[in-house]
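Note sheet for the following structure.
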Amino acid sequence: MQPRLRFAPSPTGQVHIGNIRTAIFNWLAARHMGGKFILRIEDTDLERSTKEAIDTLLECMNWLGLDYDEEVLYQTTQAQHHLDAAKKLIDDGNAYHPGPVSEHSPVYFRIPYCCDDYPFVRTVGPATIALASGSDVVVSGAGLTFTTLSPKGKPVENQACLAGFKDLAVLDADDKPLYELTDDNACALLSGGEPVTVSGAAKLKFIRREVFYDDMVKGHLSKPLDSMRDFIIVRSDGSPVFHLANVCDDITQNITLIVRGDDHVENTYRHLFMFRTLGAEPPSYAHLPMIVNAQGKPYSKRDGDAFVGDFRDKGVLPEALFNYLTLLGWSSGDNREKMTREELVEAFDLARVQHSPAQFDAVKMANLNGQYIAALDPAVFRERAWEFAAAYPWRESVDRAAFDRVANLMQSRTKLMTDLAAWTYFFAVPVDYDPKGVKKFLTPDQLRAALAKAAEKFDSIDENAKAVEDALRAVENGDGLSQFALNQPVRVAVCGVTVGASIYETVECIGVRECARRIRGALAATA
RNA sequence: GUCCCUAUCGUCUAGAGGCCUAGGACACCAGGUUUUCAUCCUGGUAACACGGGUUCGAAUCCCGUUGGGGAUGCCA
């Protein structure tokens, strides 16, 4: 059967990198296996799901090249299916209204008491739980309520599903049975029998069972049934809860492999039962570790910069973000880091995904981004730079050909597309001059005199880098200055800064005559 | 509190009992190339959380401790 994977986000505002990383891993896994990658939008939270949020999501996926197969499924269109499924579960005795049945009580999913033949349930063995002495135990179709003692001796209320306590015996302090849960009275309880309250209990003795499954990234995972509870699948207002909707849609969409965040492992134990009782084969699962911030903590609103849109605005290339995110929690195993999409699809393997959270490192990502920019075909870089520069007001008055020359000159020293913000001196007289640069390069009389001569030469020389270089060398020689002594003074006078590309080519880009004017202007302004 | 997961340089990671005096990348430091800066090249600092076991041999397996994360919602 062809693998079918899905990305099922809730569109509630911005797209978080943790979220999009899940999408990327799903996409990679699907493409690697030659399976389908399906997008399902879980928009059932009417309050928070907006059209804008959906558009943002779609845009992010498009920007990152996450193409999906088949039509997008909007969860709100499936409401009837969800409710039908709930009804089936109730009819089969796998779900119930607690207490007196009413229109306005929620529906609980019941972890099935008879589940020994489920392929994902196994018997662990006999177990006992010590109770707070002389406490009450309530046994009902909705499970068990009992009181234990915390290590500090405080009484703690516990609730668990009935299925967790196969062959339960409630014992008193002398190990005398106070109550026994047989298949018969379990049946009675499950079909709506009155709850039983046992007083003076001291311990619970039962056969422990556990749910288990093989996670494609985390390996063998299990959880005892007595640590689980029945859970709500339909709210009292009649709307389906995540667990119901999510599982139903996975069934209707025939999903065979679910790749999602680590925070869902606990849900998996519940969902396994839901697939089974809904008559479906459970899919395989892979749970991805979380991405945490520079403090090693989960991203919060305060971190602010963890949204895909922010990275785009900061001048990160989509292919670089994509590549960097694959490196968070995954590695090729052969020291390759900068990899093309094709190489990633080829190498991607869920089994190589890390089990523990990974910290996002903006510096390393910027470095990767720089590598991507450096490797860009110059024509492509010019185009992207031009598009990106639309964000800056100075672009309006810039001639495209002039811009392209600057782009060619600056590509190799661009790390982030936002570095273009500093290109403004190519197109306009600098507004600010670096004070240290002025002090060092525009203040000494000897340099000022030489600069004036250079400006004079600039009035008539050819408009190319070689001529600029020759002119500067000539002035230096004539004035007894050491070679290159004029480079930085010219840079400061022309660009206002002390760092940048080759000054000869920079002058050529700006225009030799224009530079002559700027030098005189700078000299006058600092006189 | 309980349950589940997890632990290699500052960070991302390689590592499936001997190839490990632990490899790569980012960052950092030093040197070199260069008309400035960046790039680039060379070299360097830096890690198996701790304690027990198992074994001829453990970063790797087991147990415990500690740290971290998650779950414990009529959120998803």
Side-chain angles (χ1 to χ4, degrees), chain A residues 8-10 12 42 44-45 47-49 75 104-108 148-152 154-160 215 218-219 221-224 226-229 231-243 245-246 260-270 287 289-290 292 294 296-298 324 327-338 351-352 354-368 370-371 374 410-415 419 437 441 469 472-473 476 483-492 495 497-506:
Chain A
S10 303
T12 54
E42 305 209 332
T44 47
D45 187 337
E47 298 262 312
R48 295 192 296 156
S49 307
Q75 191 161 63
H104 300 294
S105 68
V107 177
Y108 278 74
T148 55
L149 249 26
S150 75
K152 285 178 184 161
K154 287 195 172 169
V156 182
E157 274 281 297
N158 295 269
Q159 276 182 53
D215 193 284
K218 299 177 91 90
L221 257 28
S222 63
K223 185 180 176 73
D226 53 297
S227 70
M228 293 178 71
R229 277 204 228 177
F231 53 95
I232 292 173
I233 53 173
V234 180
R235 300 187 186 89
S236 40
D237 68 2
S239 62
V241 167
F242 162 76
H243 301 295
N246 190 258
R260 53 169 27 163
D262 223 349
D263 48 336
H264 281 296
V265 298
E266 303 276 329
N267 288 335
T268 305
Y269 302 114
R270 313 204 255 232
H287 287 93
M290 298 288 162
V292 296
K297 297 288 177 192
Y324 180 70
L327 264 22
L328 241 36
W330 178 84
S331 65
S332 65
D334 56 14
N335 286 341
R336 280 184 300 169
E337 290 198 339
K338 182 169 182 284
R352 290 195 57 84
Q354 211 73 14
H355 297 188
S356 49
Q359 271 187 37
F360 187 91
D361 182 351
V363 177
K364 179 153 180 166
M365 199 202 53
N367 176 282
L368 225 208
Q371 291 183 46
M410 298 300 283
Q411 177 173 1
S412 68
R413 54 225 310 140
T414 303
K415 279 261 166 297
D419 293 349
F441 299 114
E469 183 169 5
L472 293 180
R473 287 307 81 85
E476 284 159 359
Q483 207 180 25
F484 311 131
L486 238 26
N487 286 1
Q488 286 298 82
V490 169
R491 186 187 301 283
V492 174
C495 310
V497 294
T498 56
V499 300
S502 158
I503 188 60
Y504 318 127
E505 292 179 64
T506 300

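Just so it is clear: chains get the letters A, B, ... in the order the sequence lines come, proteins before strands, and each one is counted from 1. This one's a predicted model, so the numbers in the text were calculated from it and none came from an experiment.
- In this structure, Ile503(A) reaches the bases: a heavy-atom distance under 4.0 Å links it to at least one base atom across the strands shown.
- When each of Val292(A) and Ser150(A) is assigned the nucleotide of RNA chain B bearing its nearest heavy atom, the one mapping closer to the 5' terminus is Ser150(A).
- Between Ser412(A) and Trp330(A), the residue anchored nearer the 5' end of RNA chain B, judged by the nucleotide with its closest heavy atom, is Trp330(A).
- In the model, Thr148(A) has a side-chain atom that pairs as donor or acceptor with a side-chain atom of Asn158(A) under 3.5 Å.
- OP1 and OP2 of C5(B) both lie 4.0 Å or more from every side-chain N or O belonging to His355(A).
- Among the nucleotides A7(B), A76(B), C5(B), the one closest to the side chain of Lys218(A) is C5(B).
- Among the atoms of the strands shown, none is found under 4.0 Å from any heavy atom of Pro289(A).
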Nucleotide-resolved protein contact map, nucleotides 15-30 of chain B, B/S/- at heavy-atom distance under 4.0 Å: S-------BBBSS---

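- G44(B) and U2(B): their C1' atoms are spaced 49 Å apart (whole Å).
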Derivation and outcome, side chain to side chain contact (heavy atoms under 4.5 Å, CB included), residues Gln371(A) and Glu337(A): CA-CA 11 Å; Gln371(A) 291 183 46; Glu337(A) 290 198 339; over 6 Å; no

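- Checked against side chain to side chain donor-acceptor pair (under 3.5 Å), Asp334(A) has the following partners two or more places apart in sequence or in another chain: Ser332(A), Arg336(A).
- Backbone-only engagement by Leu221(A) is indicated by non-hydrogen atom pairs under 4.0 Å involving sugar-phosphate atoms exclusively.
- If you check every strand for non-hydrogen atoms under 4.0 Å, Ser502(A) touches a base.
- Within the nucleic acid shown, Arg48(A) comes within 4.0 Å of sugar-phosphate atoms alone, with no base atom in reach, counting heavy atoms only.
- Not a single side chain to side chain contact (heavy atoms under 4.5 Å, CB included) links Asn335(A) to another residue, sequence neighbours left out.
- Within 4.0 Å (heavy atoms only), Tyr504(A) reaches at least one base atom of the nucleic acid.
- In this structure, the side chain of Tyr324(A) does not engage the main chain of Phe360(A) through any donor-acceptor pair within 3.5 Å.
- Pairing for U34(B) is absent, judged as Watson-Crick or G-U wobble with the two contacts each under 3.5 Å.
- Asp334(A) has its CG atom 12 Å from the C1' atom of U13(B), to the nearest Å.
- Spacing of P atoms, C12(B) relative to A7(B), comes out at 12 Å, to the nearest Å.
- Comparing U34(B) with U39(B), their C1' atoms sit 10 Å apart, to the nearest whole Å.
- With both ends at atom P, the span from U65(B) to A59(B) equals 23 Å, rounded to whole Å.
- Of the possible polar contacts, none joining the Asn487(A) side chain to the Ile503(A) backbone as a donor-acceptor pair under 3.5 Å is found.
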Contacts under 3.5 Å, N or O only, protein and nucleotides 70-74 of chain B:
{"from": "G70(B)", "atom 1": "N2", "to": "Glu266(A)", "atom 2": "OE2", "distance (Å)": "3.0"}
{"from": "C74(B)", "atom 1": "O3'", "to": "Arg235(A)", "atom 2": "NE", "distance (Å)": "3.4"}
{"from": "C74(B)", "atom 1": "O2", "to": "Ser236(A)", "atom 2": "N", "distance (Å)": "2.9"}
{"from": "C74(B)", "atom 1": "O2", "to": "Ser236(A)", "atom 2": "OG", "distance (Å)": "2.8"}
{"from": "C74(B)", "atom 1": "N3", "to": "Ser236(A)", "atom 2": "OG", "distance (Å)": "2.6"}

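- As judged by a 4.0 angstrom heavy-atom cut-off over every strand, Ala8(A) is placed among residues making no nucleic acid contact.
- Across all strands shown, His287(A) has no heavy atoms under 4.0 Å from either base or sugar-phosphate atoms.
- Within the 4.0 Å cut-off from OP1 or OP2 of A14(B), at least one side-chain nitrogen or oxygen of Gln354(A) is found.
- Looking only at side-chain heavy atoms (C-beta outward), Phe441(A) and Val490(A) stay at 4.5 Å or farther from each other.
- Separation of the C1' atoms belonging to C48(B) and G31(B) is 31 Å when rounded to the nearest angstrom.
- A donor-acceptor contact shorter than 3.5 Å is absent between the side chain of Arg260(A) and the backbone of Val265(A).
- Contacts of Thr12(A) with the nucleic acid, taken as non-hydrogen atoms under 4.0 Å apart, are absent.
- As judged by a 4.0 angstrom heavy-atom cut-off over every strand, Phe484(A) is placed among residues touching the sugar-phosphate backbone only.
- Here A49(B) sits opposite U65(B) as a Watson-Crick or G-U wobble pair (both hydrogen-bonding atom distances under 3.5 Å).
- Rounded to whole Å, the C1' atom of A46(B) lies 12 Å from the corresponding atom of U8(B).
- At the heavy-atom level, Gly261(A) lies nowhere under 4.0 Å from the strands shown.
- Here the separation of U13(B) from G18(B), taken at their C1' atoms, is 23 Å to the nearest Å.
- Under the side chain to side chain contact (heavy atoms under 4.5 Å, CB included) rule, Phe242(A) has a single partner from Ile233(A), Asp45(A), Asn267(A), which is Asn267(A).
- Applying the side chain to side chain donor-acceptor pair (under 3.5 Å) test to Glu505(A) and every residue at least two apart in sequence or in another chain returns nothing.
- Searching all strands for a Watson-Crick or G-U wobble partner of U55(B) with both distances below 3.5 Å returns nothing.
- Look at G1(B): its Watson-Crick or wobble partner, with both distances under 3.5 angstrom, is U72(B).
- Annotation: A30(B) and U11(B) have their P atoms spaced 23 Å apart (nearest Å).
- Under the salt bridge (Lys or Arg N to Asp or Glu O under 4.0 Å) criterion, Asp262(A) pairs with Lys218(A), not counting sequence neighbours.
- Here the side chain of Glu476(A) pairs a donor or acceptor atom with the backbone of Phe484(A) at under 3.5 angstrom.
- For Lys152(A) and G1(B), the shortest distance from a side-chain N or O to OP1 or OP2 is not below 4.0 Å.
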